[in-house]
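Below, read A as the first sequence line, B as the second, and so on, with proteins coming before strands; counting in each chain starts at 1.
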2 protein chains.
Amino acid sequence: MTTIQDIADKLGISKSTVSKALNNAPDISETLQKQILETAVEMGYTKLRRYKKPTKRLCILVQKDNIEYEKPHHFAYDIIMGFRQMAEPAGFEVETVPVDVLFQRETSYDVFMLRHDYAGSFLLGFSLGEPWMKEFQTSRTPAVLYDNHIIGNPSTAYVGIDNNEGMNLAVGHLKKLGHQKIGYLSSALGSHIMQVRHRAFFQAMHSHGLKAGPSYAGCSYYLSECMEKHLPRFLEMGMTALICCQDTFASAAITQCQQLGFQVPRDISIIGFDDIPMSSYTSPPLTTVRQDRIELGKSGFYALSSLMNGVSIGTVLLHAHLTVRESTAAL
Amino acid sequence: MTTIQDIADKLGISKSTVSKALNNAPDISETLQKQILETAVEMGYTKLRRYKKPTKRLCILVQKDNIEYEKPHHFAYDIIMGFRQMAEPAGFEVETVPVDVLFQRETSYDVFMLRHDYAGSFLLGFSLGEPWMKEFQTSRTPAVLYDNHIIGNPSTAYVGIDNNEGMNLAVGHLKKLGHQKIGYLSSALGSHIMQVRHRAFFQAMHSHGLKAGPSYAGCSYYLSECMEKHLPRFLEMGMTALICCQDTFASAAITQCQQLGFQVPRDISIIGFDDIPMSSYTSPPLTTVRQDRIELGKSGFYALSSLMNGVSIGTVLLHAHLTVRESTAAL
């Protein structure tokens, strides 16, 4: 096991300087501290096994450009609350830290965790191309990722809802109402979860015996492009129902259909994904695949505490539920 | 909520007779008790919410024709031990109950659970066609299934290892050793897990950029057919490595290759799945994808206690690990 002496020897500096860097002492330059921490991580040094009492500090890392979390009506607010509801009674101190791409480029994940003495993290809102996503292939500090799946690193776990089940419930509900021609409207496939739902749509259509060629899905980075390009195309194709990758898309689609002279659900049924708080207040209120966000947060803590205790959980998926409101109706 | 009176009214019998049936009183005929329990289940009666103190009895249901569990060298032994290690300190009484197809045909799952006052179950070794598997689509008593995935019933959960990850590790290991032509030997696809591994093999080959057409897999119900039909075919095709669906197949394949004049790993590398206790004692010792059985049992209890507490966990997958021994070598 790497010791402080090993790090000092490698860098040709004193043990006390290494110790200062690891303990955030004020009398050490930032550049030197960074170099020492990076070397420590590289050499496999970890505080976790060093003291008898392991640190009880955890952090929730939120990619603030991708996911909102500060107010009760924000999507990630309840996820964070669920996590805290489990972590705090178990004696952990939890800090929520917003990060962006620039921050990830400047500091490596393991160095950040070591520097701030965090035993593990819960990550929300990371998309596939971000700097830390590559690091998670080999990182050693326990990390639980909401809606992201890292294959092959026993220090990471994936928590989310079962999107295959959710898509099955959505397609099954529409089929029961007599719909056969169902389209799928999605944002670009730049995140793990958008890829999973996209695949799940075709699988669910197939397993319900419904036709769905490539033209049955419309994916665009811009919401406006989805509404102005794919949606009119779907209506021309004679689609009678629409599943959207998330509620904001579904909400926009309702408005857009109405502007094109189609009534929801009389002329077209629409289903969203997530059940964000606003979904009860669209007009008509939205039928959607629900993610229980409090439970997601609780499961996030469970997975993280398993990883910290050496139980190598890789994936925890919650059952999906369909919340039926008024945006779907019999054909 | 259904009461004892409701059940008595429905059957036109006295409340006390219903109560006798629900409490396993000795002075009631077996036929009448069965009828009362079936009616109770049909009407949605559950003891769980009836008393202030819910039952602390759990059962592990083992399909004894498919999986061995009684001795330390049996596959399911450690899974059961892991489950008990978590459940018993939490105050639960755990009973292990062997069942077969006949038993499942005679008694419905919910009736069995109600009759014996079990709050939940952990199921090992069930294959897809068995009578209870259909019931699990709609059953209401919490059930966690090892290696079986029921879609859409919030009272069930699936626990296993991540077989996609495991197959990826196996193919990646062989590719690193220089192997390109890799075959997959499997028993018949009559269980969920055999289907998952079969699919995972082709996905892993694809994602590693290796060719794998339908002829690259050989599946037979009989081990002998795999050894006498598929294995010689693979050798003729010039395969230099072989992944087997489970260790017993891999162990047989080592022997069969030797009988056909091929040395393992000099002429052909072989990888198994599961890491059963005997895998260290094949000759040469077997490289295999490890399932940590103690952790599987612990995760089974975690999923079950989540379901019993109304947290709707659907899937828990453990990280797969590759145990490298001597049955694989560089090309």
Undergrad: Filter on side-chain hydrogen bond (donor to acceptor under 3.5 Å, both in side chains), then keep only pairs touching residues 297-306 of chain B, sequence neighbours left out; what's left?
TA: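 Passing the test, one end in residues 297-306 of chain B: no pairs.
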
Undergrad: Test of understanding: with side-chain hydrogen bond (donor to acceptor under 3.5 Å, both in side chains), list the residues that count as partners of A:Arg290, not counting sequence neighbours.
TA: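 Counting only residues at least two positions away or on another chain, A:Arg290 forms a side-chain hydrogen bond (donor to acceptor under 3.5 Å, both in side chains) with A:Asp275.
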
Undergrad: Given heavy-atom pairs under 4.5 angstrom as the criterion, report whether the side chain, backbone, both or neither of A:Asn153 touches chain B.
TA: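 Only the backbone of A:Asn153 comes within 4.5 Å of chain B.
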
Undergrad: Which one wins on heavy-atom pair count under 4.5 Å against chain A: B:Asn168, B:Val159, B:Thr156?
TA: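 Most pairs with chain A among the choices: B:Thr156.
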
Undergrad: With side-chain hydrogen bond (donor to acceptor under 3.5 Å, both in side chains) as the rule and sequence neighbours excluded, what pairs involving residues 191-207 of chain A come up?
TA: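 Non-adjacent pairs meeting side-chain hydrogen bond (donor to acceptor under 3.5 Å, both in side chains): A:Asn163-A:Arg197, A:Arg197-A:Asp274.
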
Undergrad: Looking only at non-hydrogen atoms, find the nearest pair between B:Ile151 and A:Glu165 and report the distance.
TA: C-OE2, 3.7 Å

Undergrad: Non-hydrogen contacts under 4.5 angstrom with chain A: give the residues of residues 315-324 of chain B involved, or none if there are none.
TA: B:Thr315, B:Val316, B:Leu317, B:Leu318, B:His319, B:His321

